[in-house]
Amino acid sequence: MGRTIQELMRRACEAGTAIPGFNIPYLQMMEPVVRALRDTQCFGLIMAARLEWVKFAAGGPREVFETYQRFKDERYTRLHLDHVPVIDEDLHRVDFVADLGLAISLGYDSVMVDGSRLPLEENIRATKTIVDMAHAQGVAVEGELGAVMGHESGPMPPYEELFASGKGFTDPDEARRFVAETGVDWLSVAVGSVHGAITEGTRREKKIEARLSIERIDAIRKTTQVPLVLHGGTGIRKEYVIEAIRHGIAKINVATAIRQPYEALMEQSTEKALDAVYDAAVRVIREDLELEGSAAVIFP
Ligand code: 13P
């Protein structure tokens, strides 16, 4: 059971499969997600991002960690701290070193520092600070380069325009430099996906069906040689996701697909809401991502 997440991600990447990461905005959602992973024999990550304790009810890095200790199943799960931004979705500066330092000292398996709203040089500098801290404790680090939109409060540019122009997509040459200079273990890339909306007024909206640029994934993979991460994993057209996994996407983040069914029922019945989370997680693993049974490949 002692395999590190670094090894498991590498194996997923080499085997042409992927590790889903499920976001937990309400701590109660963790148990049915772990159960869904176990029942489908899929290896996955339990994750919380900073916005999940600021805008939802995940408590904080410590509460997430403690809840994880109760429900974890190390045959099928590891714990990841998702998006701790340097500048958040409302354009406020964040004490990212404090949040990430806490997670690293608590014993998270991996963390994400998100400097994607910074100019390249500053993103490199901020990310490298966290890589140095995390690697000293054996903790893996994900960085982000490019703009995966959707979490911001303002209106999004029309999706088709965004996709056709490739505006905000990760640049392969910048990615080469970013990975070489920061030493990140994995890179989150902007290749066509968008995050599900999270503001009070929009969080119940159905997500658009995103597409992905497989050519861009290939190009980034060639220049960086590290496992790539796809954010905004809910609602991407299936043929694109399956192809992206074959081309080097080794981790896929999923939040909206399990949060919305929970929120639709949580005021009515906690039990029903949690059943809906389980069903949604199983559906994502089995149908949307076709990752049922992946633990046997990643973790033989
Ligand atoms: P979705 O809400 O689109 O599933 O995206 C989740 C995500 O990328 C969290 O980091």
Side-chain angles (χ1 to χ4, degrees), residues 18-26 29-30 33 36 44-56 58 61 64 79-86 88-89 94 96 99-100 103 108 110-117 141-153 156 159 162-163 168 170 186-199 202-212 227-238 240-241 244-245 249-264 276-277 280-281 283-285 287-289 291:
I19 296 176
F22 287 103
N23 287 80
I24 307 292
Y26 303 88
M29 287 172 60
M30 200 183 296
V33 172
L45 291 167
I46 298 299
M47 317 195 297
R50 176 180 176 270
L51 67 86
E52 275 150 349
W53 61 81
V54 172
K55 300 198 167 166
F56 295 88
V64 171
L79 181 64
H80 175 77
L81 184 69
D82 189 26
H83 290 284
V84 176
V86 179
D88 74 10
E89 57 285 353
V94 171
F96 66 104
D99 281 344
L100 286 153
Y108 277 64
S110 52
V111 296
M112 177 193 192
V113 51
D114 174 4
S116 64
R117 293 191 184 89
V141 181
E142 174 181 328
E144 179 164 301
L145 190 63
V148 181
M149 296 194 217
H151 277 164
E152 300 77 11
S153 46
M156 272 240 305
Y159 180 75
L162 196 78
F163 191 79
T170 307
W186 322 318
L187 182 66
S188 160
V189 291
V191 292
S193 60
V194 293
H195 286 116
I198 51 151
T199 63
T202 57
R203 62 175 66 161
R204 280 163 199 254
E205 285 174 6
K206 188 174 169 0
K207 271 192 78 177
I208 50 119
E209 264 203 337
R211 290 180 284 140
L212 300 171
L228 302 181
V229 180
L230 184 65
H231 283 242
T234 299
I236 300 171
R237 266 184 28 204
K238 182 167 171 176
Y240 287 91
V241 183
I245 294 173
I249 293 291
K251 169 173 175 278
I252 302 181
N253 287 15
V254 177
T256 307
I258 58 168
R259 173 179 53 77
Q260 285 184 338
Y262 181 83
E263 287 179 328
V277 171
R283 200 164 45 244
V284 166
I285 294 164
E287 293 166 28
D288 300 350
L289 306 179
L291 292 174

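Computed from a predicted structure; not experimentally measured. Heavy-atom basis, side chains included; hydrogens, waters and symmetry copies ignored. When a ligand or atom number is given, it counts from 1 through the structure's own listing order. The first residue of the sequence shown is numbered 1, and numbering continues consecutively from there.
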Problem - More than 12 heavy atoms from other groups under 6.0 Å of NZ on Lys238 - result: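 Yes, NZ of Lys238 has more than 12 neighbouring heavy atoms, counting only those of other groups under 6.0 Å.
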
Problem - Heavy-atom pair of closest approach, residues Leu81 and Leu100 - result: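 Heavy-atom minimum between the residues: CD2-CD2, 3.9 Å.
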
Fill in the blank from the handout: Nearest heavy-atom approach of Val64 to Ala58 is CG2-O, 3.5 Å

Handout entry: Cationic N near anionic O, under 4.0 Å, Glu52 to Arg259
Key = no

Exercise for the section: Assess the side chains of His83 and His195: does a donor N or O sit below 3.5 Å from an acceptor N or O? Expected result: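 His83 vs His195: donor-acceptor pair found between side chains.
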
Fill in the blank from the handout: Using heavy atoms and a strict 4.0 Å limit, residues surrounding ligand 1 turn out to be Asn23, Asp82, His83, Val194, His195, Gly196, Lys207, His231, Gly232, Gly233, Thr234, Asn253, Val254, Ala255, Thr256

Practice task
Please determine which of Lys55, His151, Arg50 meets the side-chain hydrogen bond (donor to acceptor under 3.5 Å, both in side chains) test together with Glu89.
Solution key: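 Result for side-chain hydrogen bond (donor to acceptor under 3.5 Å, both in side chains) with Glu89: Lys55.
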
